[in-house]
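Model, not experiment: these values are computed from the prediction. Here is the naming used below: chain letters follow the sequence lines, and residue numbers restart at 1 for every chain.
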Amino acid sequence: MSNETQEQVQDEGELVAARRAKLEWLRDEMGVDPFGHRVDGIMSLAHARSLFDAAADDAHAASVAANKEDASREVVDARPKALVAGRIVQHRDVGKLVFMVVRDDTDDLQLSLSKADLAPEQFKLAKKLDYGDIVVAAGRVGKTKRGETCIWADQLSIHSKSLVPPPGKHHGLSDPETRYRRRYVDMYANPGTIRTFKARSRMITRIREFMNARDFLEVETPMMQPIAGGAAARPFMTHHNALDIPLFLRIAPELYLKRLLVGGLPRVYEINRNFRNEGIDRSHNPEFTMLEVYEAFGNYETILELTESLVHQLAVATREDLLAEDPDQDLGTAEAPVLPFGELRVRYARPFRKVRFHELFEEALGFPASDIEKVRAVAAELGREHAPDMDDAFVVNEVFEARAETTIDPEQPTFVYDWPSVISPLTRPRADDPSLAERVDLFIGGMEIGPAYTELNDPDIQYGKFTEQLSGLDDEEESTFRTLDEEFLDALRVGMPPAGGLGLGIDRMAILLTNSPSIRDVILFPLMRPIEAGDEAAE
RNA sequence: GAUUCCGUAGCUCAGUUGGCAGAGCAAGCGACUUUUAAUCGCUAGGUCCUGGGUUCGAGCCCCAGCGGAAUCACCA
């Protein structure tokens with residue numbers, strides 16, 4: 001066990017051995033630190049490329065030609081200077097010339113190194129560098145004879161020796177497991193990865209700008225909660241030693257954000273992680289990011305407007321980003337963006353479609369949800385064994401999710417509203433029909449993006465819905481993590497203003513706007529099963 | 001948790017009817033002052049995911065396990 005690391009080093013193979021030999025060569029014979037040092041004034045590769053000056057390049061070429069004919073005529077070089085850093089992703093040694101392509105988070109750029117331009121040791125270094133090494137180079141921005149924009153380097157130094165064999169230079173890294181487990185390799189091998197995460201970051205910045213512009217206050221509420229409320233999901237459990245109490249990682253921030261409405265903040269939002277101990281698939285990761293919004297004296301209609309404006313605005317901005325990369329795309333118009341999502345083209349023009357729950361139900365099933373005999377027949381078809389003793393409204397909801405939700409046009413953002421009240425215990429029932437909740441859900445690309453509610457602020461009705469919900473649970477669930485949140489009810493009794501609220505899935509929004517197939521492609525480090533060391537796990 | 005598919009060199013992948021383990025790139029040595037996945041010559045590189053089984057013989061067939069992907073279930 002103790003010499004495992006040593007064995008590992010020995011077992012790493014010839015590729016690593018070759019790199020370690022170069023590491024020693026750098027230290028012993030070249031006298032350089034293979035892991036570099038501080039460098040000031042580095043510019044991005046995209047910026048360096050933008051410095052290219054055709055006139056200066058032509059003048060320099062003419063000056064070199066003149067000098068060749070008549071050595072007394074000095075070479076004039078007005079080409080712009082650049083200092084850059086990057087990871088080597090291609091390396092071509094052509095004898096007394098070395099070409100390498102370096103990559104940073106903005107671009108790829110070729111470094112051209114001529115034996116004539118560099119100190120002898122630096123040219124020796126240029127020939128020995130590997131794919132994966134991080135280098136710093138200085139020189140003039142120009143072009144090669146073949147027209148490639150490059151930096152004709154006169155200074156070159158290594159700032160990190162990569163000891164690990166890199167993925168292939170043309171196929172990149174495509175194995176999904178390796179991409180998620182070794183994201184840092186994925187990031188340099190596949191430039192699209194960094195593009196995606198930059199797009200996600202921009203999206204979140206824009207959400208903050210949107211919310212702040214509407215005078216909402218960003219807040220942070222507990223991630224560790226004594227009672228995991230605000231949603232129905234299995235929580236992760238932990239323990240606080242000093243207080244000797246169980247704690248739950250939150251499944252939603254809702255009950256705390258509402259306490260802030262009680263306290264007198266009229267418009268609040270939070271962008272942060274929720275944790276749900278459930279399955280993992282293309283649209284679920286155990287930890288995921290939510291935007292939650294509460295607006296005093298609003299309702300589900302004001303929140304619907306807010307949601308539609310926000311999503312539309314994000315789509316407009318995303319369209320501009322995509323056009324900046326490639327102007328020759330058909331992405332609709334500025335006001336009516338059409339964005340690709342897999343094989344789909346999602347139309348973000350306002351207004352989005354709005355359809356009542358029961359209308360969509362009847363449209364999809366061919367009979368009204370009130371025809372409970374037929375509803376239960378379909379539920380039986382679906383193989384829901386527990387359906388017979390289930391409350392009618394739950395059965396309706398199951399059938400809706402299986403047969404109606406799937407009929408929503410994935411290319412047309414759609415709000416479904418007036419959901420059955422029983423499935424929304426934190427939502428205010430309609431005054432004219434208490435069986436319906438003032439709830440609206442946004443669907444895009446076949447995914448539920450987020451629900452918006454008129455929040456329930458009557459403490460007595462809320463108490464009733466909580467106890468009703470708890471009575472339907474078995475002992476294990478109740479004793480482990482479903483408890484009546486008395487403190488929240490106390491807050492409601494103090495008095496919460498009427499309000500509208502929203503929960504928007506940030507990861508799913510990122511999936512849509514970055515045109516990614518899986519939530520794992522928009523979460524930097526998605527949860528993976530750890531690789532067990534040795535065969536101790538076998539049992 | 002269920003089902004299906006996948007796991008072969010650093011990467012991307014072939015591998016026929018069960019009969020000596022393969023290619024391209026990457027790597028090592030050599031050549032080359034304009035390469036663009038550079039080119040040319042030579043060389044090296046394998047726990048075929050793991051463990052059993054069948055067989056004269058298993059990368060290939062069977063069983064179990066591990067890891068991944070997709071679909072389903074769970075996630076109001």
**Request:** Rounded to whole angstrom, note down the C1' distance from B:C13 over to B:U8.
**Result:** 9 Å

**Item:** Spacing of the P atoms in B:C62 and B:C6 (rounded, Å)
**Value:** 11 Å

**Request:** Would you indicate, yes or no, if B:U39 has its OP1 or OP2 atom less than 4.0 angstrom from a side-chain nitrogen or oxygen of A:Arg92?
**Result:** no

**Message:** Please determine whether a side-chain nitrogen of the Lys or Arg among A:Arg439 and A:Asp418 lies less than 4.0 Å from a carboxylate oxygen of the Asp or Glu.
**Reply:** no

**Prompt:** With a 3.5 Å cut-off and just heavy-atom distances, do the side chain of A:His284 and the base of B:C75 make a donor-acceptor pair?
**Reply:** yes

**Asked** Taking everything shown except A:Tyr463 itself, do over 12 heavy atoms lie less than 6.0 Å from its OH?
**Response** no

**Asked** Which nucleotide in the list B:U71, B:C74, B:C13 gets nearest to the side chain of A:Arg282?
**Response** B:U71

**Message:** OP1 or OP2 of B:U33 versus the side-chain N and O atoms of A:Ser114: is any pair under 4.0 Å?
**Reply:** no

**Request:** Take atom CG of A:Leu97 and atom P of B:U33, then tell me their distance rounded to the nearest Å.
**Result:** 8 Å

**Fill in**
The nucleotide from B:U34, B:C11, B:G10 with an atom nearest the side chain of A:Pro165 is B:G10

**Message:** What is the separation between atom CG on A:Asp521 and atom C1' on B:A69, rounded to the nearest whole Å?
**Reply:** 12 Å

**Asked** On a whole-Å scale, what distance lies between the P atoms belonging to B:C60 and B:A76?
**Response** 44 Å

**Separation of B:G45 P from A:Glu14 CD (nearest whole Å)** = 7 Å

**A:Arg276 side chain near B:C75 phosphate (N/O to OP1/OP2, under 4.0 Å)** = no

**Request:** Using a cut-off of strictly less than 4.0 Å, decide whether A:Arg19 has a side-chain nitrogen or oxygen near OP1 or OP2 of B:G10.
**Result:** no

**Message:** Please compare A:Ile423 and A:His171 by the position of their nearest nucleotide in RNA chain B and report the one closer to 5'.
**Reply:** A:His171

**Message:** Starting the side chain at C-beta, find the nucleotide from B:U71, B:C11, B:U33 nearest to A:Pro167.
**Reply:** B:C11

**Prompt:** For B:U4, which nucleotide is its Watson-Crick or G-U wobble mate, given both distances must be under 3.5 Å?
**Reply:** B:A69

**Request:** Go through B:C74, B:C25, B:U34 for me and flag the one nearest to the A:His170 side chain.
**Result:** B:C25

**Asked** On a plain distance test, is the side chain of A:Ser112 in donor-acceptor contact with the base of B:U34 below 3.5 Å?
**Response** no

**Asked** Could you state the CD-P distance from A:Glu148 to B:U33, rounded to the nearest angstrom?
**Response** 21 Å

**Prompt:** When the P atoms of B:G59 and B:G22 are considered, how many whole Å apart are they?
**Reply:** 13 Å

**Asked** Does any nucleotide pair with B:U33 by Watson-Crick or G-U wobble geometry, both distances under 3.5 Å, and what is it?
**Response** none

**Request:** Report yes or no: do A:Glu405 and A:Thr407 form a side-chain donor-acceptor pair below 3.5 Å?
**Result:** no

**Message:** For A:Glu455, is there an ion pair with A:Lys258 - N to carboxylate O distance below 4.0 angstrom?
**Reply:** yes

**Request:** Pick the P atom in B:A21 and in B:U16, then give their distance to the nearest Å.
**Result:** 14 Å

**Message:** Under a 3.5 Å cut-off for both contacts, is B:U50 paired Watson-Crick or G-U wobble with anything, and if yes, with which nucleotide?
**Reply:** B:A64

**Item:** Ion pair A:Lys161/A:Asp130, N-O distance below 4.0 Å
**Value:** yes

**Message:** Taking the nucleotide of RNA chain B with the nearest heavy atom to each, does A:Arg439 or A:Pro517 sit closer to the 5' end?
**Reply:** A:Pro517

**Asked** A:Arg529 side chain: which of B:A76, B:G67, B:A73 is closest?
**Response** B:G67

**B:A38 pairs with, by Watson-Crick or G-U criteria that keep both distances under 3.5 Å** = none

**Message:** Please name the nucleotide paired to B:G10 by Watson-Crick or G-U wobble geometry with both distances under 3.5 Å, or report none.
**Reply:** B:C25

**Item:** Contact check, side chains of A:Glu292 and A:Ile271, non-hydrogen atoms, under 4.5 Å
**Value:** no

**Prompt:** Hey, is the side chain of A:Arg179 poking within less than 4.0 Å of OP1 or OP2 on B:G68, counting only N and O atoms?
**Reply:** no

**Request:** Establish, with yes or no, whether the OP1 or OP2 oxygen of B:A26 is under 4.0 angstrom from a side-chain nitrogen or oxygen of A:Lys169.
**Result:** yes

**Request:** Please examine the side chains of A:Phe361 and A:Val399, heavy atoms only from C-beta on, and report whether any two atoms are closer than 4.5 Å.
**Result:** yes

**Message:** Less than 4.0 angstrom between a side-chain N/O of A:Lys22 and OP1 or OP2 of B:G28, yes or no?
**Reply:** yes

**Message:** Quick check for you: among B:U36, B:C75, B:U33, whose closest atom lies nearest to any side-chain atom of A:Thr144?
**Reply:** B:U36

**Message:** Taking any heavy-atom pair under 4.0 Å as a contact, classify A:Glu278: base, sugar-phosphate, or nothing.
**Reply:** base

**Complete:** In whole angstroms, the gap separating P of B:C32 from NZ of A:Lys96 amounts to 6 Å

**Message:** Using whole Å, what does the distance between atom C1' of nucleotide B:C75 and atom CG of A:Asn397 come to?
**Reply:** 13 Å

**Item:** Whole-Å gap separating P (B:C25) and NE2 (A:His91)
**Value:** 17 Å

**Prompt:** A:Phe394 near the nucleic acid: base, sugar-phosphate alone, or nothing, with a heavy-atom cut-off under 4.0 Å?
**Reply:** nothing

**Asked** Given the P atoms of B:G51 and B:G18, what is the spacing between them in whole Å?
**Response** 24 Å

**Prompt:** So with a 6.0 Å cut-off around CZ of A:Arg27, is the heavy-atom count from everything else above 12?
**Reply:** yes

**Request:** Determine: side-chain N/O of A:Gln90 to OP1/OP2 of B:A26, distance under 4.0 Å, yes or no.
**Result:** no

**Euclidean distance, atom CG of residue A:Asp175 to atom C1' of B:A69 [Å, nearest integer]** = 10 Å

**Request:** With P as the reference atom in both, quote the distance from B:A14 to B:A23 in angstrom, rounded to an integer.
**Result:** 16 Å

**Prompt:** How would you label the contact of A:Pro425 with the nucleic acid (heavy atoms, under 4.0 Å): base, sugar-phosphate, or nothing?
**Reply:** base

**Fill in**
For B:C20, the nucleotide meeting Watson-Crick or G-U wobble distances (both under 3.5 Å) is none

**Asked** A:Arg179 side chain to A:Asp186 main-chain N or O, any donor-acceptor pair under 3.5 Å?
**Response** no

**Message:** Does a side-chain N or O of A:Arg520 approach OP1 or OP2 of B:A70 to a distance below 4.0 Å, or not?
**Reply:** yes

**Message:** Rounding to an integer number of angstrom, what distance separates B:G10 and B:G45 when you compare their P atoms?
**Reply:** 12 Å

**Complete:** Scanning all shown strands, the Watson-Crick or wobble mate of B:U55 with both distances under 3.5 Å is none

